[in-house]
2 protein chains.
Amino acid sequence: MLLSKSCEYAIRASIYIAAKTAVKKRADIREIADAIGSPISFTAKVLQKLSCKQLISSVRGPNGGYYIKDPLAVYLVDIVRAIDGNDLFSACAMGLQTCSDTKPCPMHHDIKPLRAQLLTEFSKASVGETSADYWLEKYFLK
Amino acid sequence: MLLSKSCEYAIRASIYIAAKTAVKKRADIREIADAIGSPISFTAKVLQKLSCKQLISSVRGPNGGYYIKDPLAVYLVDIVRAIDGNDLFSACAMGLQTCSDTKPCPMHHDIKPLRAQLLTEFSKASVGETSADYWLEKYFLK
DNA sequence: ATAATAACGGATAATTTTGTCTTAAATTAA
DNA sequence: TTAATTTAAGACAAAATTATCCGTTATTAT
């Protein structure tokens, strides 16, 4: 597993929220959990974290829900870092605390470029861009 | 995290065992846990699994311990699959059960080649080859 | 104002992962 | 044969992750 379940939900939810934002609507937690096939209460907790870290926004009350202020300014890597931290892009594959260029694990030199590619992958598109084709069903969130 | 802690221990232990095997010695569990900086009892459990799956061998009693019958025939990917399964190389990055070429998640097409690279990385060297330079301290296991 | 709605926050529970301990079984050396 | 050593196996415990529930707070519509 590259990402924790929390983080998987966070990414899928963010993309869905961005897709709703793109059509000028907010998404409430039931709708989101339904759209991405996730447990509703747990997803709410995850979104709370994203909200605290200002990656998404929310409005309470009737017609409230979640939205994203600037979907082009939030990148998938931001979501990952907010939930799982930076480990995916920096931690040693074999779990060494001290792994580095000068004191490497056996896989260090080979894994390093792969981590960089992962970072690139999660950095190259904003949630706004990523969500662009959602309504055309070019990809799926559940 | 790419791998579970169990799997990280398993890989490091296997490489150490291979390094001992290369000098015609067996490694007992205390020595292994010490060499790789892992909790001894937990590591024993992990090695039990590898032993069950015939990736490593063991002998009980005085001067017993673990060794690897053919270090050139066991690949890191075998260790990973034995402990964590094949998910790292096949599961959807966003956690979709049904993710595939025809029903992809938003990242599917971009992540697919990365998974393939990961598989290549874990498949390209046996534990024997990987452990070759251990005694020269060209890399470290803790 | 009031009632309905929806996020927030905290407590709690279930599950999985990680880690420990103890006894049994096997092997070796003396 | 006996005692020492080392893995095997199982039960148990702790910690982290995942998941649920409920009362509170903010907001909106009526």
Side-chain angles (χ1 to χ4, degrees), chain A residues 1-14 17 20 25-69 80 82-85 87-88 91 95 97, chain B residues 1-14 17 20 25-34 36-69 80 82-85 87-88 95 97:
Chain A
M1 296 279 190
L2 300 182
L3 305 171
S4 68
K5 273 194 162 182
S6 296
C7 195
E8 291 171 351
Y9 297 152
I11 291 178
R12 278 147 60 196
S14 298
I17 293 167
K20 285 291 280 193
K25 295 198 172 173
R26 295 196 274 251
D28 70 56
I29 188 61
R30 281 161 194 273
E31 180 188 352
I32 294 167
D34 185 61
I36 71 174
S38 67
I40 180 166
S41 294
F42 188 67
T43 307
K45 286 287 179 213
V46 173
L47 294 189
Q48 237 177 67
K49 255 185 205 161
L50 295 184
S51 183
C52 280
K53 305 209 174 180
Q54 320 254 345
L55 294 172
I56 64 176
S57 307
S58 66
V59 174
R60 300 193 207 191
N63 298 316
Y66 298 93
Y67 67 101
I68 298 180
K69 280 196 174 120
V80 173
I83 304 297
D84 279 355
D87 276 6
L88 179 61
Q97 299 302 315
Chain B
M1 297 280 190
L2 299 181
L3 305 170
S4 69
K5 274 197 161 178
S6 296
C7 195
E8 291 173 351
Y9 298 151
I11 291 177
R12 278 147 62 194
S14 298
I17 293 167
K20 287 290 280 190
K25 294 197 173 175
R26 296 196 274 250
D28 71 54
I29 188 62
R30 283 161 193 270
E31 180 187 352
I32 294 168
D34 185 61
I36 71 173
S38 66
I40 180 166
S41 293
F42 188 66
T43 307
K45 285 290 178 208
V46 173
L47 293 188
Q48 235 178 68
K49 253 184 207 163
L50 295 183
S51 182
C52 279
K53 303 208 176 181
Q54 319 255 343
L55 294 173
I56 65 177
S57 307
S58 66
V59 174
R60 300 192 206 191
N63 299 314
Y66 299 93
Y67 66 102
I68 298 180
K69 281 197 174 119
V80 173
I83 304 296
D84 280 356
D87 277 6
L88 179 61
Q97 299 302 315

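In what follows, chains are A, B, ... by sequence order, proteins preceding strands, each numbered from 1.
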Problem set entry | Below 4.0 Å: OP1/OP2 of D:dT6 and any side-chain N or O of B:Ser58 | no
Problem set entry | A:Ser51 side chain to A:Leu47 backbone, donor-acceptor under 3.5 Å | no
For this session: Please work out if A:Ile29 contacts a base, only the sugar-phosphate, or nothing of the nucleic acid, heavy-atom cut-off 4.0 Å.
Result: sugar-phosphate
Exercise. For B:Arg30 and B:Ile40, what are the C-alpha separation, side-chain angles and deciding distance, and is it a side-chain contact (heavy atoms from CB on, under 4.5 Å)?
Worked result: CA-CA 6 Å; B:Arg30 283 161 193 270; B:Ile40 180 166; 3.5 Å; yes
Problem set entry | Atom pair distance, as rounded to whole Å: NZ in B:Lys53 and P in D:dA8 | 15 Å
Exercise. Can you check whether B:Tyr67 has a side-chain N or O nearer than 4.0 Å to OP1 or OP2 of D:dT7?
Worked result: no
For this session: First locate atom OG1 of A:Thr43, then atom NZ of A:Lys5, and finally report the distance between them rounded to the nearest 0.5 Å.
Result: 11.0 Å
Exercise. How long is the line joining CD of A:Glu31 and C1' of C:dT5, in whole Å?
Worked result: 14 Å
Check nucleotides 25-30 of chain C for protein N or O atoms closer than 3.5 Å to its own N or O atoms and list the pairs.
unit_1, atom_1, unit_2, atom_2, d
C:dA25, N3, B:Arg60, NH1, 3.0
C:dA26, O4', B:Arg60, NH1, 3.4

Problem set entry | side-chain contact (heavy atoms from CB on, under 4.5 Å) between A:Ile29 and A:Tyr66, worked out | CA-CA 8 Å; A:Ile29 188 61; A:Tyr66 298 93; 4.3 Å; yes
Exercise. Does any N or O in the side chain of B:Arg26 come within less than 3.5 Å of the main-chain N or O of B:Ser58, such that one atom is a donor and the other an acceptor?
Worked result: no
Exercise. Between B:Arg30 (CZ) and D:dT7 (P), how many Å, whole number?
Worked result: 9 Å
Exercise. Say you draw a straight line from CD1 of B:Ile11 to CG of B:Leu3; how long is it, rounded to the nearest 0.5 Å?
Worked result: 5.0 Å
Problem set entry | Result of checking B:Ile32, B:Leu55, B:Leu50 against B:Ser14 for side chain to side chain contact (heavy atoms under 4.5 Å, CB included) | B:Leu50
Exercise. Going by heavy atoms in the side chains, are B:Ile68 and B:Ser57 under 4.5 Å from each other?
Worked result: no
Exercise. Are the side chain of B:Arg12 and the backbone N or O of B:Ile36 linked by a donor-acceptor pair below 3.5 Å?
Worked result: yes
Problem set entry | Runs of at least three Watson-Crick or G-U pairs with DNA chain C, cut-off 3.5 Å | C:1-30 with D:1-30
I'd like a list of close polar pairs between nucleotides 18-22 of chain C and the protein, N/O only, cut-off under 3.5 Å.
unit_1, atom_1, unit_2, atom_2, d
C:dT18, OP1, B:Lys5, N, 3.0
C:dT18, OP2, B:Ser6, OG, 3.3
C:dG19, OP2, B:Tyr9, OH, 3.0

Exercise. Whole Å only: how far is the CG atom of A:Asp84 from the C1' atom of D:dT18?
Worked result: 13 Å
Exercise. Expressed in angstrom and rounded to an integer, what is the separation of A:Ile36 atom CD1 from D:dT18 atom C1'?
Worked result: 14 Å
Exercise. If you round to the nearest 0.5 Å, how far is NZ of B:Lys69 from CD of B:Gln54?
Worked result: 7.0 Å
Exercise. Atom NZ of B:Lys49 and atom C1' of D:dA9: how far apart are they, to the nearest Å?
Worked result: 14 Å
Seminar exercise, completed: Between CE of B:Met1 and C1' of D:dA16 the distance, given in whole Å, is 12 Å
Exercise. Nearest-Å distance, CG (B:Leu47) to P (D:dA8)?
Worked result: 8 Å
Problem set entry | Minimal non-hydrogen separation, A:Lys20 against A:Ala27, with atom names | CG-CB, 3.9 Å
Exercise. Quick one: the side chain of A:Gln48 and the base of C:dA7, do they pair up donor-acceptor inside 3.5 Å?
Worked result: no
Problem set entry | Derivation and outcome, side-chain contact (heavy atoms from CB on, under 4.5 Å), residues B:Ser4 and B:Ile83 | CA-CA 8 Å; B:Ser4 69; B:Ile83 304 296; 4.2 Å; yes
